[in-house]
Amino acid sequence: MRRSSRSVLMTSVVAAWLLCGPVAGLAAQPATPAPSPSAPVGQAAQNPQDQFVPIKTLPQSQSEQLPAQTLVMGAYAFVWAVLLVYVWTVWRRLLKVEKEIRALAGRLGEKGA
Amino acid sequence: MKSCYLPAVLLAMAMFAVAPFRLMGAPDILVANATPGVLLSYKIFYYHVPSAMVMFLSAFVCGVASAVYLFKNRLAADRLAAAAAELVVVFGLIVLVTGPIWARKAWGVWWQWDARLTSTLLLWMIFMAYLLVRRFGGQGAEKLSAAMAVFGMANVPFVYVSVNIWRTIHPTTQVIPTLAPGMRGVFWFCVLSFVVLFGLLLALRARLEQRRADVERLYLLADEE
């Protein structure tokens with residue numbers, strides 16, 4: 001019974017891997033835009049000097065702009081969060097050990113008496 | 001030692017409270033012709049680099065203490081190594097998260113598989129493995145993990161010089177010695193804050209190891225009686 005459940009588990013893992021592999025591979029492929037039939041293909045090649053547009057005149061793409069303030073504050077908050085969580089975990093472990101020491105010392109004291 | 005602890009805690013707290021104000025007042029002259037957004041993101045430099053320095057320091061403490069434990073069999077050195085290894089992981093996590101946040105704004109990508117980033121990740125993973133071996137390795141895990149820590153420490157100089165040997169997108173080690181005077185004071189203030197914090201955390205974590213050793217001793221005593 002245990003053996004069969006293990007084989008079922010193994011089969012599902014292999015099946016999941018086989019299914020996810022190609023999907024992950026496709027996701028890793030760079031997206032290549034399909035050529036638009038209405039795009040004037042020959043126009044760009046005709047006069048390449050006219051294609052230059054100064055960066056200041058380009059419309060700002062809001063989706064690509066990452067506010068630096070959010071990043072700086074996010075990174076700073078992360079530093080604080082990591083340090084506080086770490087101190088808290090050490091503190092908790094220390095309290096647990098101290099409790100264990102008190103219990104053991106009490107037990108030894110009882111035996112000694 | 002105990003009498004120094006409270007003043008050190010207060011000093012670290014004061015330094016961390018003052019640091020953001022000093023940071024905001026620091027001049028942004030690390031890169032020329034950068035946009036205001038990119039310049040602001042360079043403030044991450046003031047806590048990303050000190051975290052990396054403390055990570056290296058912690059790896060050295062862990063490696064040296066592990067070597068002392070391996071060759072002299074001193075249990076106190078093993079306890080110090082365990083404490084320092086955990087701090088390598090903690091400060092390494094800060095480095096590996098704040099770095100990509102900064103990189104997203106400065107380089108336009110979160111991560112690059114360049115020599116410095118990859119070797120730092122490997123260093124972090126060595127010390128993560130140290131903690132896992134120590135936790136789940138069973139009998140003799142202390143010796144095995146101590147040997148790992150020595151190799152982890154040996155990796156630190158390679159991580160440091162990697163940016164000079166394999167030139168990629170990460171800045172070289174020449175950035176810190178050539179900092180502008182206005183930035184230098186703030187930067188070393190941040191480094192000192194992180195070093196004080198490291199000392200405090202190391203003492204706290206080493207105390208935990210000491211108390212765990214006391215528990216072991218008490219269990220042995222209880223078994224004997």
Side-chain angles (χ1 to χ4, degrees), chain A residues 24-25 27-32 52-113, chain B residues 9 12 16 19-20 23-24 34-48 50-51 83 86-87 89-95 97-106 108 194 197 200-201 204-222 224-225:
Chain A
Q29 291 277 327
T32 46
F52 175 74
V53 180
I55 199 159
K56 283 176 187 169
T57 60
L58 282 175
Q60 293 276 313
S61 166
Q62 292 302 315
S63 60
E64 282 300 299
Q65 294 293 317
L66 273 169
Q69 210 165 1
T70 313
L71 291 175
V72 174
M73 291 312 288
Y76 192 63
F78 181 79
V79 173
W80 270 100
V82 167
L83 292 175
L84 287 177
V85 167
Y86 181 66
V87 169
W88 178 72
T89 59
V90 175
W91 187 272
R92 240 189 59 184
R93 283 181 280 175
L94 205 53
L95 282 182
K96 199 177 155 190
V97 172
E98 293 290 351
K99 201 174 152 186
E100 212 173 335
I101 286 175
R102 274 198 300 273
L104 272 169
R107 232 168 67 188
L108 282 168
E110 276 173 23
K111 274 187 184 174
Chain B
V9 169
F16 268 79
L23 229 122
M24 285 301 146
T35 61
V38 171
L39 281 178
L40 183 65
S41 75
Y42 273 75
K43 301 282 183 198
I44 295 176
F45 162 81
Y46 292 104
Y47 42 94
H48 170 74
S51 304
E86 219 173 78
L87 290 174
V89 172
V90 170
F91 284 103
L93 185 67
I94 291 174
V95 174
V97 170
T98 56
I101 292 174
W102 181 15
R104 183 63 185 85
K105 193 72 193 172
F194 270 89
L197 182 75
L200 283 170
L201 291 177
L204 186 70
R205 185 60 184 79
R207 184 178 157 76
L208 175 62
E209 285 298 316
Q210 172 64 51
R211 297 307 272 167
R212 277 181 178 163
D214 291 344
V215 170
E216 294 283 322
R217 196 170 44 81
L218 283 172
Y219 269 119
L220 284 174
L221 268 173
E224 279 171 14
E225 281 188 9

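Residue numbers start from 1 in every chain, and the chains themselves are labelled A, B, ... in the order their sequence lines are given, proteins ahead of strands.
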Test side-chain contact (heavy atoms from CB on, under 4.5 Å) applied to A/V79 and B/V97, step by step: CA-CA 9 Å; A/V79 173; B/V97 170; over 6 Å; no
Region of B/I101 in contact with chain A, defined by heavy-atom distances below 4.5 Å: both
Segment of B/L200 engaging chain A (4.5 angstrom heavy-atom cut-off): neither
Non-hydrogen atoms of A/Y76 and B/Y47 that approach each other most closely: N-OH, 3.2 Å
Flag, side chain of A/Y86 to backbone of B/V90, donor-acceptor distance under 3.5 Å: no
CA sep, side-chain torsions, deciding dist, call: A/R93, B/R212, side-chain contact (heavy atoms from CB on, under 4.5 Å): CA-CA 10 Å; A/R93 283 181 280 175; B/R212 277 181 178 163; 3.5 Å; yes
Greatest number of heavy atom pairs closer than 4.5 Å to chain A - which of B/D214, B/L221, B/L201, B/I44: B/I44
Nearest-0.5 Å distance, CG of residue A/L104 to OH of residue B/Y219: 4.5 Å
Spacing of A/L95 atom CG and B/R211 atom CZ [to the nearest 0.5 Å]: 11.5 Å
Region of B/F91 that comes under 4.5 Å of a non-hydrogen atom in chain A: side chain
Engaged part of A/W91 at the chain B interface, taking heavy atoms whose separation is under 4.5 Å: neither
Carboxylate-amine/guanidinium proximity below 4.0 Å for A/E98 and B/R207: yes
Nearest atoms (heavy-atom pairs only) where B/L93 meets A/F78: O-CE2, 3.9 Å
Approximate separation, where rounding is to 0.5 Å, of B/R217 CZ and A/I101 CD1: 8.5 Å
